[in-house]
Participant: 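My questions will all concern the structure given below.
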Amino acid sequence: MFGSAKGQIQLYLDPLIAIALIVLFLGFIYLQFGGATRSIQGQVVEFKEELDNEEFLLGLLKSPILDKDSKIFAGFSLADLIAMSVHRTEFEADVDAVVYNSIKRKTDAEWRFIVNAEGYTKGYQYYPSAAFRDPELVKGLRSVVSETQIPSLDGKEIKVSLVLIKKK
Amino acid sequence: MNKKAVMVITLMVVGVVIAFIAFSVVNLSDDLAGKSVSYIGAKELTIARLQMRSQEDLLFVDQSARLAAYKSVFNLADLGGFRASSPCGVYDNYNLWNNKTDKCYPTKTELGEALVNDFRFNFNQYRSLLQKRNLLASYTYFYKDGDIIGVADTNFIYDKPVKDFILSVNPSFREKIDFDFDVFNGLQEFIVSIDKCPELQQASISQCVQTRMTQFTMKYTNINMTYDDCKGTDVKIPDDFDTKGVLKFCAIVQDKKYPLYNADLKVAGLNHPLIRFAVTI
């Protein structure tokens with residue numbers, strides 16, 4: 001004899017509940033620690049990109065700009081030029097051109113970096129740099145990948161961003 | 001199923017349920033308390049980001065020092081190498097390098113001191129931007145071998161994002177001025193050379209000064225000198241020169257241009273620092 005009907009159900013139910021709970025518990029553990037592993041991996045990858053971009057941006061800002069067509073800028077750093085270019089001057093086009101041509105970086109066939117500077121000009125209006133006034137470039141705007149502040153000649157702050165742009 | 005097996009399974013079920021509840025309570029209580037789950041290595045990443053942030057701030061300091069130094073070079077040239085008024089007096093807003101009794105050429109030491117003094121004022125304006133970001137540091141300034149040196153007496157401290165961790169960064173700097181003070185020595189040489197002009201006929205003084213100036217610019221080909229208003233080389237010696245006996249000069253170093261912001265016009269541009277001074281003949 002195999003006992004009563006209640007005993008029969010109990011016989012099958014207990015192991016099933018136990019197995020279900022164990023599976024649930026293991027799943028929960030996996031999601032917690034597996035998720036953590038993925039999260040930290042994601043953060044490391046993200047940080048590495050962030051660090052590369054930041055180093056690139058800071059290195060770029062410190063580098064002296066040597067432009068064969070505009071010897072007047074030789075010896076000045078990109079940050080110097082940006083500090084000048086956010087103010088509208090008679091040579092703004094030249095400065096913007098030098099900045100733009102000096103910093104565009106061919107990363108691969110699809111993408112390139114440019115630097116954008118935002119500051120306040122006379123009249124205190126928001127004024128993006130020349131590269132951003134080009135509608136063709138703005139269309140392909142992907143994302144700001146790094147940013148920092150530099151001082152301007154008139155004692156204000158300029159936000160400088162490294163932007164990844166998709167080529168058309 | 002025997003009783004022993006039932007007991008083992010029951011104990012296992014109870015154990016798993018307790019573990020599950022305990023695990024859930026711990027996690028849910030963090031979520032309910034609004035605490036973000038901190039993963040292994042998150043603090044280390046935050047520290048590395050702080051390091052990057054400190055590098056950005058150091059760039060800001062270096063850039064501020066450079067822009068402040070540019071402004072100081074313009075101010076120093078405008079005051080003829082002095083901190084303020086010349087000990088020999090001022091003529092028509094031009095500092096005098098001599099008068100009837102004394103000679104007051106700025107020495108290299110005085111030039112360095114005047115530059116540092118003006119730099120301190122200009123750099124403090126930029127420091128206020130850092131202070132707004134709670135980056136406090138006081139500086140001692142020096143001028144040495146053509147460089148302005150700022151030695152920070154206190155460090156930038158980054159201590160908020162990670163508990164029990166402090167990042168301390170020294171924001172000292174050394175900025176190359178790239179403006180040769182020997183220009184002032186050359187100009188002094190020119191002034192000594194025109195000292196003898198009054199010994200000639202009064203009518204010839206103008207011609208004598210002009211000749212000396214030509215000789216000077218032939219020797220110092222990178223320096224451009226003019227009389228009076230700095231606007232050109234053909235400016236005549238002013239009519240009242242005979243009565244007042246004072247000449248105003250302007251000099252520029254042709255290959256030296258620096259960024260300057262004109263607060264009145266609200267424009268920035270690259271300009272030559274104008275060395276302005278007056279001489280009694």
Side-chain angles (χ1 to χ4, degrees), chain A residues 3 7 10-11 14-15 17-18 21-22 24-25 28-29 32 35-41 43-44 46-47 50-51 54-55 57-58 61-62 72-73 75-77 79-92 95 121-124 146-157, chain B residues 1 5-6 8-10 12-17 19-20 23-24 27 37-42 44-46 48-49 51-53 55-68 70-71 122 125-126 128-130 132-133 176 178 257-263 265-270:
Chain A
Q10 189 72 38
L11 187 66
D14 279 353
I17 290 173
L21 284 171
I22 288 167
L24 197 65
F25 181 68
F28 200 72
I29 296 284
Q32 279 295 321
T37 309
R38 279 199 305 278
S39 173
I40 198 70
Q41 282 172 345
Q43 280 195 55
V44 169
E46 185 187 311
F47 176 69
E50 200 177 308
L51 185 65
E54 198 73 34
E55 282 185 342
L57 176 64
L58 291 176
L61 289 170
K62 290 174 188 170
I72 194 171
F73 300 119
F76 291 110
S77 69
D80 284 332
L81 295 184
I82 290 174
M84 282 186 271
S85 71
V86 294
H87 302 288
R88 299 298 96 190
T89 66
E90 68 276 9
F91 62 95
E92 67 175 81
V95 173
T121 65
K122 59 179 180 178
Y124 301 97
S146 182
E147 63 181 37
T148 188
Q149 276 86 34
I150 59 167
S152 66
L153 275 172
D154 63 345
K156 293 191 175 73
E157 280 182 329
Chain B
M1 188 177 277
V6 170
V8 168
I9 289 175
T10 308
M12 213 167 87
V13 169
V14 169
V16 169
V17 168
F20 181 72
F23 205 79
S24 303
N27 278 282
V37 182
S38 60
Y39 298 118
I40 300 164
E44 286 75 6
L45 285 177
T46 307
R49 283 200 176 92
Q51 181 65 32
M52 280 165 50
R53 167 78 197 282
Q55 289 302 313
E56 289 181 7
D57 290 333
L58 290 180
L59 173 73
F60 194 98
V61 170
D62 289 344
Q63 196 62 22
S64 298
R66 182 174 299 175
L67 298 184
Y70 290 152
K71 198 172 176 187
N122 295 329
Q125 291 184 316
Y126 286 108
S128 63
L129 293 175
L130 286 167
K132 277 196 285 186
R133 288 146 71 171
K176 194 159 196 61
D178 197 27
K257 275 190 169 185
Y258 301 94
L260 177 71
Y261 179 69
N262 186 322
L265 301 174
K266 289 184 177 172
V267 292
L270 285 174

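Chain A is the first sequence line, chain B the second, and so forth, proteins listed ahead of strands; every chain is numbered from 1.
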Participant: Which heavy-atom pair separates A:Phe76 from B:Tyr258 by the least distance, and what is that distance?
Facilitator: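 Here A:Phe76 and B:Tyr258 meet closest at CZ-CA, 4.1 Å.
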Participant: Which atoms form the tightest heavy-atom contact between A:Leu153 and B:Tyr261, and what is the distance?
Facilitator: CB-CB, 3.8 Å
Participant: Give me the atom names and distance for the closest heavy-atom approach of B:Leu67 to A:Pro151.
Facilitator: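 Heavy atoms only, the tightest pair is CD1-O, 3.6 Å.
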Participant: Which value, rounded to the nearest 0.5 Å, describes the distance between A:Gln149 atom CD and B:Leu129 atom CG?
Facilitator: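 The CG atom of B:Leu129 is 10.0 Å from CD of A:Gln149, to the nearest 0.5 Å.
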Participant: Are A:Asp80 and B:Gln63 linked by a side-chain donor-acceptor pair shorter than 3.5 Å?
Facilitator: yes
Participant: Using the test side-chain hydrogen bond (donor to acceptor under 3.5 Å, both in side chains), find all partners of A:Glu50 that sit at least two apart in sequence or belong to another chain.
Facilitator: B:Arg49
Participant: Run the ring pair (Phe, Tyr, Trp, His ring centres under 6.0 Å) test against B:Tyr126 and tell me which residues pass, sequence neighbours left out.
Facilitator: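 Counting only residues at least two positions away or on another chain, B:Tyr126 forms no ring pair (Phe, Tyr, Trp, His ring centres under 6.0 Å).
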Participant: Which residue out of B:Arg66, B:Gln55, B:Lys71, B:Gln51 racks up the most heavy-atom pairs below 4.5 Å with chain A?
Facilitator: B:Arg66
Participant: Is B:Ala68 close to chain A through its backbone or its side chain, or both, or neither, when contacts mean heavy atoms under 4.5 Å?
Facilitator: neither
Participant: Which distance, rounded to the nearest 0.5 Å, do you find between the OG of A:Ser77 and the CG of B:Asp62?
Facilitator: 10.0 Å
